[in-house]
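Keep in mind that what you see is a predicted model, and the values were worked out from it rather than measured. Heads up: numbering here begins at 1 and tracks the sequence.
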Amino acid sequence: MPSQTVWITGASSGIGEALALRYAVDGASLVLSARRKDELERVAGLCRDAGLPADQVLVLPLDVTNWESLPGAVQSVLDTFGSIDLLVNNAGVSQRSLCQDTDMAVYQKLMDVDVMGQIALTKAVLPHMQERGAGHLAVTASVAGKVGVSERTGYCAAKHAVMGFFDALRAEVEGQGIDVSTIVPGFIRTDISRNALAGDGSTFGKLDDNIAGGMDVTECAEVVFKGLSAKKREIPVGKGKEMAALWIKRLSPEVLFRLTKA
């Protein structure tokens with residue numbers, strides 16, 4: 001049976017890297033995308049070390065904000081592997097700044113990378129899946145896509161947006177044999193806070209305490225892998241108190257608002 005082709009953006013670090021390694025162990029054909037080719041090559045090497053044949057790993061550097069390049073990237077994947085079975089939209093950037101201290105250019109970048117880039121690549125891949133009558137689209141959202149917290153106004157706005165887009169897309173395509181999953185991580189031990197944008201657009205450069213105490217990224221990837229394999233529509237992943245916020249928001253938004261204020 002041919003292996004499935006899995007395309008992961010943001011594959012050069014964090015959750016994307018860990019997912020790539022998990023799918024490598026599973027024997028999937030992998031497309032690894034991010035902006036940093038050297039880091040993608042490093043991850044590709046780890047996938048080969050995990051036993052994946054070299055011809056089953058395609059390093060495809062990509063900037064999801066360059067919409068014009070995306071159809072060509074899709075064609076490169078199809079030329080190499082013939083199909084795209086699963087697209088994991090995992091590219092993204094976070095934020096650490098108060099609203100009044102945040103330049104509008106920072107908000108624009110958050111929307112361009114975390115929202116419009118995910119939409120643009122999904123739209124580029126979607127016709128292929130519709131033609132086949134099969135496929136799986138996923139996006140890494142966040143608990144911040146359901147809960148608003150301080151110093152994340154732009155990030156929360158972006159993640160709320162992708163949750164809404166992919167939930168609506170699911171309603172459009174489920175009858176076409178296409179699955180849509182939203183991945184909802186809480187605090188996962190990655191460099192997301194170090195790489196976050198400060199209010200002036202510079203790199204935040206610090207590790208948050210809650211990130212440092214979060215779920216191990218390999219454990220996170222296992223949960224996501226199992227959820228995607230089961231075609232779950234929504235995949236919460238985390239182990240801290242932030243995960244309880246998902247239920248509190250549903251049951252009593254007012255209680256959650258008071259807790260986040262505190």
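Side chain of S193 to main chain of K206: a donor-acceptor pair is present (N/O by atom type, distance under 3.5 Å, no hydrogens or angles). A distance-only check finds no donor-acceptor pair linking the side chain of R189 to the backbone of V217 [under 3.5 Å]. Between the side chain of D200 and the main chain of S202, a donor-acceptor pair closer than 3.5 Å is present. R132 contributes no side-chain N or O that, together with a main-chain N or O of G177, makes up a donor-acceptor pair within less than 3.5 Å. Proximity of a side-chain donor or acceptor of Q4 to a complementary backbone N or O of V6 within less than 3.5 Å is not detected. Between the side chain of T190 and the backbone N or O of I192, at least one donor-acceptor pair lies under 3.5 Å. With hydrogens and angles disregarded, no donor-acceptor distance shorter than 3.5 Å links the side chain of Q56 to the backbone of L30. Q95 contributes a side-chain N or O that, together with a main-chain N or O of Y155, makes up a donor-acceptor pair within less than 3.5 Å. Of the possible donor and acceptor atoms, none in the side chain of K232 sits under 3.5 Å from a partner among the backbone N and O of V224. Counting only distance, with no hydrogens or angles, the side chain of S181 and the backbone of A138 share no donor-acceptor pair below 3.5 Å.
Both V115 and L169 sit in one connected hydrophobic cluster of ILVMFWY residues. Membership requires side-chain heavy atoms under 4.5 Å apart, directly or through other members. Linking ILVMFWY residues whenever their side-chain heavy atoms come closer than 4.5 Å, directly or via other members, leaves W7 and L86 in distinct clusters. M111 and V162 fall within a single hydrophobic cluster, where Ile, Leu, Val, Met, Phe, Trp and Tyr are joined by side-chain heavy atoms under 4.5 Å apart, directly or via other members. Placement of F225 and I8 within a single hydrophobic cluster is found when ILVMFWY residues are connected by side-chain heavy-atom separations under 4.5 Å, directly or transitively. Note on L32 and L87: separate hydrophobic clusters, where clusters join Ile, Leu, Val, Met, Phe, Trp and Tyr whose side-chain heavy atoms are under 4.5 Å apart, directly or indirectly.
Contact check for E39 versus S13: no side-chain heavy atoms found under the 4.5 Å cut-off. Q118 places none of its side-chain heavy atoms less than 4.5 Å from the side chain of F165. At least one side-chain heavy atom of R96 sits under 4.5 Å from a side-chain heavy atom of D208. Between V143 and L246 the shortest side-chain heavy-atom distance falls below 4.5 Å. The closest side-chain heavy-atom distance from L228 to Y23 is below 4.5 Å. Taking the side chain as every heavy atom from C-beta outward, S94 and N195 never approach each other to under 4.5 Å. In this structure, the side chains of L62 and L70 come closer than 4.5 Å at one or more pairs of heavy atoms. Residues M243 and M215 have side chains not in contact (no heavy-atom distance under 4.5 Å, counting atoms from C-beta outward).
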Next item on the list: Take I15 and C220, measure what side chain to side chain contact (heavy atoms under 4.5 Å, CB included) needs, and give me the verdict at the end.
Entry: CA-CA 7 Å; I15 293 174; C220 166; 4.0 Å; yes
Next item on the list: Could you check Y107 against T102 for side chain to side chain contact (heavy atoms under 4.5 Å, CB included), going step by step and ending with a plain yes or no?
Entry: CA-CA 8 Å; Y107 284 126; T102 304; 3.7 Å; yes
Next item on the list: Go through V173 and L126 one step at a time and tell me if the side chain to side chain contact (heavy atoms under 4.5 Å, CB included) criterion holds.
Entry: CA-CA 9 Å; V173 304; L126 184 58; 4.3 Å; yes
Notebook entry, point to check: Are R36 and L40 close enough, and set up right, to give a side chain to side chain contact (heavy atoms under 4.5 Å, CB included), and what steps lead you there?
Noted result: CA-CA 6 Å; R36 298 178 294 171; L40 291 175; 5.9 Å; no
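Taking every heavy atom of both residues into account, V43 and A20 meet most closely at CG1-CB, 4.1 Å. Residues I178 and A134 share a closest heavy-atom pair of CG1-C, 4.3 Å. Across all non-hydrogen atoms, the minimal contact from I188 to I211 is O-CG2, 3.4 Å. Looking at every heavy atom in both residues, A50 comes nearest to V25 through CB-CG2, 4.3 Å. The two atoms that bring P185 and A141 nearest to each other are CD-O, 3.5 Å, heavy atoms only. Contact record, G148 with C156: CA-SG, 3.9 Å, taken as the closest heavy-atom pair.
Ion pairing between a basic and an acidic side chain is recognised when a charged N comes within 4.0 Å of a carboxylate O; R152 and D114 show no such pairing. Salt-bridge formation is detected for the pair R170/D167: a Lys NZ or Arg NE/NH1/NH2 atom is positioned less than 4.0 Å from an Asp or Glu carboxylate oxygen. Using a 4.0 Å cut-off between charged nitrogen and carboxylate oxygen, R233 and E174 count as a salt-bridge pair.
In this model, a donor atom of one side chain and an acceptor atom of the other lie less than 3.5 Å apart for S29 and S3.
Atoms CG and OG1, on L58 and T80 in that order, are 4.5 Å from each other to the nearest 0.5 Å. Note: S83 OG to E131 CD = 12.0 Å, rounded to the nearest 0.5 Å. Here the CD1-NE2 distance, from I84 to H128, works out to 5.0 Å after rounding to the nearest 0.5 Å. To the nearest 0.5 Å, atom NZ of residue K241 and atom CG of residue N210 are 8.5 Å apart. To the nearest 0.5 Å, atoms CD1 (I183) and CE (M163) are separated by 10.5 Å. Rounding to the nearest 0.5 angstrom, the gap separating the CG atom in L137 from the CE atom in M129 is 4.5 Å.
Heavy-atom contacts from other residues, nucleotides or ligands closer than 6.0 Å to CG of D209 number 12 or fewer. At most 12 heavy atoms of other shown residues, nucleotides or ligands fall within 6.0 angstrom of atom CZ in R35.
Checked options T9, T182, T122; the residue passing with N89 is T122 (criterion: side chain to side chain donor-acceptor pair (under 3.5 Å)).
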